[in-house]
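Here is the structure we will look at, set down as structure tokens.
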Amino acid sequence: MSITDGASKPTASGSPDDELPTTYSAADVESALYARWQAAGTNTADPSRVNRLGGAREPYTIVMPPPNVTAILHVGHGLNNSVQDVLIRWRRMAGDEALWVPGTDHAGIATQNVVEKQLAAEGTSRNALGREAFVARTEQFVETTGGEILQQLKAIGASADWTRTGYTLSAPLSAAVTEAFVRLFEEGLVYRGHRVIHWCPRCMTSLSDEEAEFNDTQGALYHIRYVVDGDPAASITVATTRPETMLGDVAVAVSPSDDRYAGFVGKQLILPISGVRIPVIADDYTDAAFGTGAVKITPAHDANDFEVGKRHHLDAPVVIDAEARMNGSGDSVDRVPPELRGVDRFEARERIVQMLRERGALVKIVAHAHSVRHCYRCETVVEPRLSDQWFVKMAPLAQPALEAVRTGRIRILPERWEAVYINWLEGIRDWNISRQLWWGHRVPVYYCDACGAAPTASRTPITQCAACGTATRQDEDVLDTWFSSWLWPISTLGWPNESSDDLKAFYPGDVLVTAPEILFFWVSRMIMSGLHFMGDVPYHTVYLHGTVRDMQHRKMSKSLGNGIDPMDVVHRYGADSLRWTMIAGMGLGVDVLLDPQDLEKSFAPGRNFLTKLWNIGRFLLTKVGSDPVERLDRIAPLSLTSADHWILGRLTVAIRECDAALGPVRPGANGRWSDAERSAGMRLDAYADAARRFVWNELADWYLEAVKPRLIAGGEDADVARAVLVHAFDNALRLLQPIIPFLTETLWARLPLRLDGTIRESEFLANAAWPAGIATHPDGEP
RNA sequence: GGGCGAAUAGCUCAGUUGGUUAGAGCACCUGUCUUACACACAGGGGGUCGGGGGUUCGAGCCCCUCUUCGCCCACCA
């Protein structure tokens with residue numbers, strides 16, 4: 001009989017051929033077993049069983065960070081989802097109604113970029129296709145190839161509730177997006193702003209502050225002399241890292257307290273190359289100690305300069321276009337000399353520097369290290385650009401989110417991230433949510449060009465102007481991907497339908513498991529949206545895990561070629577090995593180092609442990625046999641040997657250690673973490689280690705050896721030994737199920753029955769009870 | 001510029017409020033195919049806990065300082 005057969009027909013009727021193969025073959029077991037879990041609905045949560053709806057169980061909810069719909073599983077996903085699955089499986093066994101909501105994210109910019117690349121390869125482009133055809137094409141692409149990652153998650157054993165799989169661009173979740181936008185619009189928290197934003201000239205869209213990442217760059221500080229109008233002997237030298245923007249200068253700002261320039265304030269300077277006259281102004285923005293103490297002010301191409309410009313009522317001439325080429329528009333056309341028009345910004349920089357040099361306006365060039373913002377999707381240097389965008393006013397949303405962490409309704413682990421969270425929220429800036437893309441949720445705002453009525457945000461499409469009856473025009477922009485992500489914990493449960501059973505049963509949820517990188521992008525915004533739209537936090541614990549890196553501590557990435565394909569590991573060592581390695585090897589918030597060059601070295605410990613467990617199982621099933629065993633509580637304590645007492649004591653200790661490592665499940669009755677609880681628990685590595693120690697060092701190395709003669713001798717004492725052995729192993733399998741579900745389930749199905757048939761209270765170990773310690777054997781000493 | 005983290009055995013890491021000879025896995029050495037397991041078992045070697053200073057009866061753990069890596073944030077013109 002093969003393992004697969006054995007697993008599919010769990011039986012304790014020990015037929016002679018019912019022997020386990022000498023080696024465990026994960027590949028033969030895992031996918032079939034997963035299918036059986038699926039068929040039995042072990043992962044499916046039922047709101048009617050939840051105490052919030054009159055049921056008997058506590059809910060335990062985790063929402064999966066939705067991977068990009070076009071993503072394929074990488075080892076980071078493997079780590080992230082292994083952690084979530086351990087927690088969910090643990091709580092499911094412990095009697096909670098555990099719900100793990102899976103799904104995918106439409107990933108606006110990322111997906112649009114993928115499809116645009118495909119189109120380019122086909123010799124066409126999105127503009128050639130037009131908006132409607134492009135969106136259709138992308139939808140089709142997502143439909144045919146998207147979501148593969150969800151299948152891969154099943155292969156690593158993720159026990160998510162697939163009946164509730166969400167997708168941010170699905171109809172129900174899109175309705176939630178529209179509802180959220182319109183509500184915020186009506187509350188005055190969404191507004192149209194005219195200001196300098198981050199612009200990616202390759203993606204051709206604006207970006208939020210968070211999407212424009214700083215990269216350290218070795219640049220230069222160009223010192224340029226601006227001569228005073230009417231006094232060629234007098235001049236001010238400005239320092240800039242971006243000389244090409246000088247074409248758009250409208251002033252030079254000096255510090256009001258800078259004596260060097262006091263006499264210049266109010267005078268006019270002549271801008272080299274264009275000859276435009278600009279004033280010298282005094283503004284606190286300028287730091288007299290930096291550079292030359294004089295700053296050129298380019299309101300259209302620098303966010304700070306824009307603010308300075310506003311204070312001094314200066315124009316904001318545009319000299320760089322959307323594709324980052326030198327070009328004026330409207331009144332500013334003449335500011336860009338004909339020979340520079342249409343020239344790329346970096347090429348223009350070289351040429352302008354040369355022109356300045358020729359005119360004697362270039363004083364010097366000094367090497368200067370600074371940080372430059374790049375597009376987080378394509379690495380292109382971001383261009384500050386003056387434009388009209390939709391913003392969310394964040395301060396009113398941030399305040400309750402700040403309080404939630406300060407008062408202990410939410411804890412963030414490791415705790416040090418709480419300071420980072422608080423610091424960010426205290427200095428929060430408004431969120432630019434409009435994107436000049438086609439792939440995403442279209443901004444639900446309608447304009448009437450005919451009568452100029454105020455723009456209307458609407459839950460349903462408006463085709464005719466309410467004021468004048470002419471056809472309206474919908475806003476062309478789509479919303480930031482994260483504007484749908486931040487609703488994920490409520491939208492996947494049915495919001496805005498507040499009578500949804502899922503929402504009532506499973507919200508607020510419990511834990512969010514993710515990497516620190518998206519603390520601002522996502523985690524904090526979900527807290528804000530949960531508090532704002534549902535009046536409660538989406539989770540009480542934020543668990544931030546580390547990053548998977550190679551042996552040189554480099555982040556694993558496709559471009560470096562240092563990645564580990566989790567599916568490769570699954571095929572070679574099994575999902576359980578992968579999971580074990582991740583969970584046992586990862587301290588709280590600590591990076592996991594794995595060697596992509598040597599999978600054997602990285603995953604052998606997990607594989608070895610599984611083999612050990614397998615062999616314990618083989619020993620048990622052959623030596624103990626398949627005859628029913630007595631229930632432990634029916635055995636007179638006096639019949640137990642000191643070895644029996646010892647192993648039962650060790651088991652109790654192991655259970656206690658596992659429980660302690662996993663820690664408090666949820667905050668106390670007032671819904672707030674106490675100081676003591678705040679950092680307790682969630683030590684998955686300590687939990688794995690405690691379970692491993694019991695199984696290997698105590699059960700296998702000691703008790704199994706001690707019990708061999710008794711089993712051989714037979715008689716009543718052999719039956720006692722059999723009962724204790726089965727009890728200990730049964731509990732060991734229960735302790736380990738959350739981490740290595742496949743192997744433990746396979747072995748558990750073959751444990752002999754108890755005399756009263758109670759050993760299997762459930763068809764699956766996945767739904768069996770989490771172990772409880774035995775009160776009569778409180779300590780682990782013999 | 002501000003903040004945070006890490007530095008413990010050859011490698012990857014544990015060491016919870018300071019308390020007996022500092023631990024695990026892998027690697028290494030010596031035995032052993034002992035009828036569950038050589039992906040194993042029995043035993044063993046190996047660490048001035050980054051440097052310096054301090055508090056204490058006592059410090060890997062607390063304080064100061066330095067060095068080296070890494071991360072986050074920032075209106076580095």
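Below, chain A is the first sequence line, B the second, and so on; all start at residue 1.
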Exercise. Looking for any heavy atom pair under 4.0 Å, which part of the strands does A:Phe520 touch: base, sugar-phosphate only, or nothing?
Worked result: sugar-phosphate
Exercise. Within this structure, what is the OH-to-C1' distance between A:Tyr703 and B:C41, rounded to whole angstrom?
Worked result: 20 Å
For this session: Could you please name the partner base of B:C33, counting Watson-Crick and G-U wobble pairs only when both distances are under 3.5 Å?
Result: none
Problem set entry | Pairwise C1' distance, B:A59 and B:U20 [rounded to whole Å] | 15 Å
Exercise. Hey, does A:Ile616 reach any base, or is it just sugar-phosphate, or nothing, if we go heavy atoms under 4.0 Å?
Worked result: base
Problem set entry | Nearest-nucleotide 5' precedence on RNA chain B, A:Gly291 against A:Val590 | A:Val590
Exercise. Roughly, in whole Å, what's the span from CG in A:Asp659 to P in B:U16?
Worked result: 21 Å
Problem set entry | Nearest-Å distance for atom pair CG/C1', residues A:Asp287 and B:G2 | 15 Å
Exercise. When we call it a touch if two heavy atoms are under 4.0 Å apart, what does A:Glu705 touch: a base, just sugar-phosphate, or nothing?
Worked result: base
Seminar exercise, completed: Closest non-hydrogen contact found for A:Leu711 with A:Lys623 is CD1-CB, 3.9 Å
Problem set entry | Separation of the P atoms in B:U56 and B:C61, to the nearest angstrom | 16 Å
Exercise. If we take the C1' atom in both B:A22 and B:A9, what is their distance in whole Å?
Worked result: 10 Å
Problem set entry | Counterpart base for B:U67, defined by Watson-Crick or G-U wobble contacts under 3.5 Å | B:A7
Exercise. Given atom CZ of A:Arg242 and atom P of B:C75, what is their separation to the nearest angstrom?
Worked result: 15 Å
Exercise. Quantified in whole Å, what is the C1' atom distance between nucleotide B:G1 and nucleotide B:U8?
Worked result: 33 Å
Problem set entry | Integer angstrom distance from the P of B:A40 to that of B:U65 | 48 Å
For this session: Answer yes or no: is there an ion pair linking A:Glu698 with A:Arg693, defined by an N-O contact shorter than 4.0 Å?
Result: no
For this session: Could you tell me whether the side chain of A:Thr611 has a donor or acceptor atom within less than 3.5 Å of a complementary atom in the base of B:C37?
Result: no
Exercise. Taking the C1' atom of each, how far is B:U16 from B:C72, in whole Å?
Worked result: 26 Å
For this session: Using Watson-Crick or G-U wobble geometry with both distances below 3.5 Å, tell me the partner of B:G1, or none.
Result: B:C73
For this session: From the options B:C71, B:C11, B:C37, select the nucleotide whose nearest atom is closest to the side chain of A:Asn615.
Result: B:C37
Seminar exercise, completed: When both distances are under 3.5 Å in a Watson-Crick or G-U wobble arrangement, the nucleotide paired with B:C28 is B:G44
Problem set entry | Gap between atoms CG and P, on A:Asp598 and B:C39 respectively (whole Å) | 15 Å
Exercise. When you check the phosphate oxygens OP1 and OP2 of B:A36, does a side-chain N or O of A:Lys612 lie under 4.0 Å from one of them?
Worked result: no
For this session: Take the protein atom CG of A:Asp302 and the nucleotide atom P of B:C75, then report the distance between them rounded to whole Å.
Result: 11 Å
For this session: Indicate whether OP1 or OP2 belonging to B:G3 is found under 4.0 Å from a side-chain N or O atom of A:Trp424.
Result: no
Exercise. Roughly how many Å is it from OH in A:Tyr376 to P in B:C73, rounded to a whole number?
Worked result: 14 Å
Exercise. Does A:Gly293 or A:Phe214 map to a spot on RNA chain B nearer the 5' end, using the closest nucleotide for each?
Worked result: A:Phe214
For this session: For B:A38 and B:C26, measure between their P atoms and round to the nearest Å.
Result: 15 Å
Exercise. With respect to the side chain of A:Arg416, which nucleotide from B:C4, B:C76, B:A36 is positioned closest?
Worked result: B:C4
Exercise. So does A:Lys601 get a side-chain nitrogen or oxygen closer than 4.0 Å to the phosphate oxygens (OP1/OP2) of B:U12?
Worked result: no
Exercise. Contact class for A:Ala660 vs. all strands (heavy atom < 4.0 Å): base, sugar-phosphate, or nothing?
Worked result: nothing
Seminar exercise, completed: Mate of B:C57 across any strand shown (Watson-Crick or G-U wobble, both atom pairs under 3.5 Å) is B:G19
Problem set entry | Sugar-phosphate only, base, or nothing, as touched by A:Thr240 at under 4.0 Å among non-hydrogen atoms | sugar-phosphate
For this session: Indicate, with a heavy-atom threshold strictly under 4.0 Å, whether A:Lys555 touches base, sugar-phosphate, or nothing.
Result: nothing
Problem set entry | Electrostatic pair A:Arg335:A:Glu244 at N-O distance under 4.0 angstrom | no
For this session: Could you state the atom-to-atom distance from CG of A:Asp305 to P of B:C76 in whole Å?
Result: 12 Å
For this session: State whether A:Arg549 places a side-chain N or O below 4.0 Å from either non-bridging phosphate oxygen (OP1 or OP2) of B:C13.
Result: no
Problem set entry | Any donor-acceptor N or O pair under 3.5 Å, side chains A:Asp595, A:Ser602 | no
For this session: Would you classify A:Ala253 as touching base, sugar-phosphate or nothing, given that sugar-phosphate means primed atoms plus P, OP1 and OP2, and contacts are heavy atoms under 4.0 Å?
Result: nothing
Exercise. Is it true that A:Glu211 and A:Arg373 make a salt bridge, defined as a side-chain N closer than 4.0 Å to a carboxylate O?
Worked result: no
Exercise. Checking all strands, does A:Lys296 fall into the base, sugar-phosphate, or nothing category for heavy-atom contacts under 4.0 angstrom?
Worked result: nothing
For this session: Please determine, for the side chain of A:Asp701, which listed nucleotide (B:C4, B:C41, B:C37) has the closest atom?
Result: B:C41
For this session: Carefully, step by step, assess A:Arg411 and A:Thr541 under the rule side chain to side chain donor-acceptor pair (under 3.5 Å).
Result: CA-CA 5 Å; A:Arg411 61 172 183 171; A:Thr541 297; 2.9 Å; yes
For this session: Look at the side-chain N and O atoms of A:Asn608 and state whether any lies under 4.0 Å from the OP1 or OP2 oxygen of B:A40.
Result: yes
Problem set entry | Within 6.0 angstrom of A:Asn215 CG, more than 12 heavy atoms from elsewhere | yes
Seminar exercise, completed: When rounded to the nearest 0.5 Å, the distance separating CD1 of A:Ile412 from OG of A:Ser679 is 13.5 Å
Exercise. Under 4.0 angstrom, heavy atoms only, what part of the nucleic acid is A:Thr292 near: base, sugar-phosphate, or nothing?
Worked result: nothing
For this session: Give A:Trp580 one of three labels, base, sugar-phosphate or nothing, depending on what nucleic acid heavy atoms sit under 4.0 Å from its own.
Result: nothing
For this session: Report which part of the nucleic acid A:Leu704 touches: base, sugar-phosphate, or nothing (heavy-atom distance under 4.0 Å, all strands).
Result: base
Problem set entry | Derivation of the side chain to side chain donor-acceptor pair (under 3.5 Å) call for A:Ser255 and A:Asp258 | CA-CA 5 Å; A:Ser255 170; A:Asp258 193 338; 5.7 Å; no
Problem set entry | Distance between P atoms of B:G60 and B:G54 (Å, rounded) | 15 Å
For this session: Check whether any side-chain nitrogen or oxygen of A:Arg429 sits under 4.0 Å from OP1 or OP2 of B:C75, and answer yes or no.
Result: yes
Problem set entry | Per A:Arg373 side chain, nearest of listed nucleotides B:C75, B:C41, B:C73 | B:C75
